[in-house]
Amino acid sequence: MRIADLPIPDVLRDFIIRERGIQELYPPQEEAVRRGLFDGRNIVMCTSTATGKTLMAELTMINAVLTRGVKAVLAVPLRALAYEKARDLRVYERLGVRIAVTTGEYDKEDAWLMNYDIVVTTYEKLDSLLRHRAEWLRQVGVLVIDEIHYIDDDKRGPTIESIIAKVKALGLNTQILALSATVGNAEEIANYLNAELIASDWRPVRLREGVYYDSVIYYADGSRALIKDLGNPVLSLVMDTIVNGGQALVFTNSRSNTVKLAQQVAHYICNYGMKLIEPGTLTKISNSIMEVSQSKLLGEELARIVKCGVAFHHAGLDMDTRSIVESSFRDRLIKVVVATTTLAAGVNLPARRVIIHEYRRYEPGIGMEELPVMEYKQMAGRAGRPGLDPYGEAVLIARSEDEIDYLFRNYINARV
């Protein structure tokens, strides 16, 4: 199905074709349209990462604003993600659509939001707004719940259920669009929302999953790849990726580890791989980071290693700094980003190879815990850039031979 054939206003259709450069829909997107996405039907889209769920959410919201004069709400799990989504949506302000973002201060109904067409917020803030029965909520015609798999989360799950219950209790005439790449009980959620289920494993870029140990990547299909051993598993995998023309996204279990690993990779590249980067452009990026960073120490360290084409990314960085890192990575100027696993849901940074450095992380009051399979799948889904990579790879790092089978069994071959 072509964008030109969608039942949306000409101005929106032309905007998507001209400004976004999108001509045709992916199969899961087409199915959503055929199942009533633009007819007001509730939809649960459980499809792989990079299959265009966000675009369909945007089209649904903008179409409702332009054709029915209603408001739309986009709810996400993280504050940082809320601001990222709002930033991305502001491209539609050229069509006269007003975008607002609100997080925190749960004791207010934020009457000022009455003046906006699309409100981006967190689950917790939306739950608060519904509890206060903000008057402008009566005008909401579309509610998008991003990362709906968090309904199974101990902390956020009850909040999502509370949101849905309040929407029903208030009798709001609202279309609900729920999105996820990793929900295990999609049919149950669709029934709960009285929604059409779009479930698909289709990906625009083939995903290869594997485990790295002792210079070898063992893939799920039984094949193997020998990697040059540089004495550090992350460094070995990263350099193999870069030398072959790709970018690497590394997930680790703490902020300190993101800095440490990024420093190690940057040191190697700047001493042995200068031909792989663009020094002049990277210096400009480094200077930009120094100008906007609110943390002098973090900003200086990040600016230093960015000159080598490497960056770290965690919640301790302010939003403007993270934005520079993300946009530079998307533009293929920064070759490697090391991020915390807790940001996996919020980091929209597709890469040729995703490397999971640690599958355990520290939880306060509990100790070291293994990552949920759902989070691994979220991280793995970042592998492969449509239109740029012939395939994507997600690689877990094993510390022993026995751990190879363990990681295959509990992550790669496990069901969410």
Relative to Phe251, does Arg361 satisfy both conditions: NZ or CZ under 6.0 angstrom from the six-membered ring centre, and within 45 degrees of the ring's axis?
-> no
Indicate yes or no: at least one non-hydrogen side-chain atom of Trp136 is less than 4.5 angstrom from one of Leu129.
-> yes
Do the side chains of Val183 and Asp152 get nearer than 4.5 Å, heavy atoms only?
-> no
Partner residues of Lys377 under the salt bridge (charged side-chain N to carboxylate O under 4.0 Å, His left out) criterion, sequence neighbours left out | Glu209
Regarding Arg156 and the six-membered ring of Tyr150, is the cationic atom NZ or CZ under 6.0 Å from the ring centre and inside 45° of its axis?
-> yes
Check whether any side-chain heavy atom of Thr54 sits under 4.5 Å from a side-chain heavy atom of Asp88, and report yes or no.
-> no
Check whether any side-chain heavy atom of Ile164 sits under 4.5 Å from a side-chain heavy atom of Glu161, and report yes or no.
-> no
Are a donor atom and an acceptor atom from the side chains of Asn63 and Thr60 found within less than 3.5 Å of each other?
-> no
For the pair His314 and Phe312, name the ring-plane relationship: parallel under 30°, tilted 30 to 60°, perpendicular over 60°.
-> parallel
Please list, chain by chain and in numerical order, all residues satisfying ring pair (Phe, Tyr, Trp, His ring centres under 6.0 Å) with Phe329, sequence neighbours excluded.
-> none
Considering only heavy atoms from C-beta outward, does the side chain of Pro350 approach that of Arg382 to under 4.5 Å?
-> no
Minimum side-chain heavy-atom gap Met379-Thr341 below 4.5 Å | yes
Side-chain donor-acceptor pairs of residues 407-416 under 3.5 Å, sequence neighbours excluded:
residue: Asn410; atom: ND2; partner: Tyr406; partner atom: O; Å: 2.9
residue: Tyr411; atom: OH; partner: Leu371; partner atom: N; Å: 3.3
residue: Tyr411; atom: OH; partner: Leu371; partner atom: O; Å: 2.7

For Gln139, enumerate each residue passing the side-chain hydrogen bond (donor to acceptor under 3.5 Å, both in side chains) test, keeping only those at least two apart in sequence or located in another chain.
-> none
Contacts of type side-chain hydrogen bond (donor to acceptor under 3.5 Å, both in side chains), residue Ser328, not counting sequence neighbours | none
Just by distance, with hydrogens left out, do Thr182 and Gln378 show a side-chain donor and acceptor under 3.5 Å apart?
-> yes
Scan residues 162-207 for pairs that pass ring-ring contact (aromatic ring centres under 6.0 Å, His included), counting only residues two or more places apart or in two chains.
-> Tyr26-Trp202
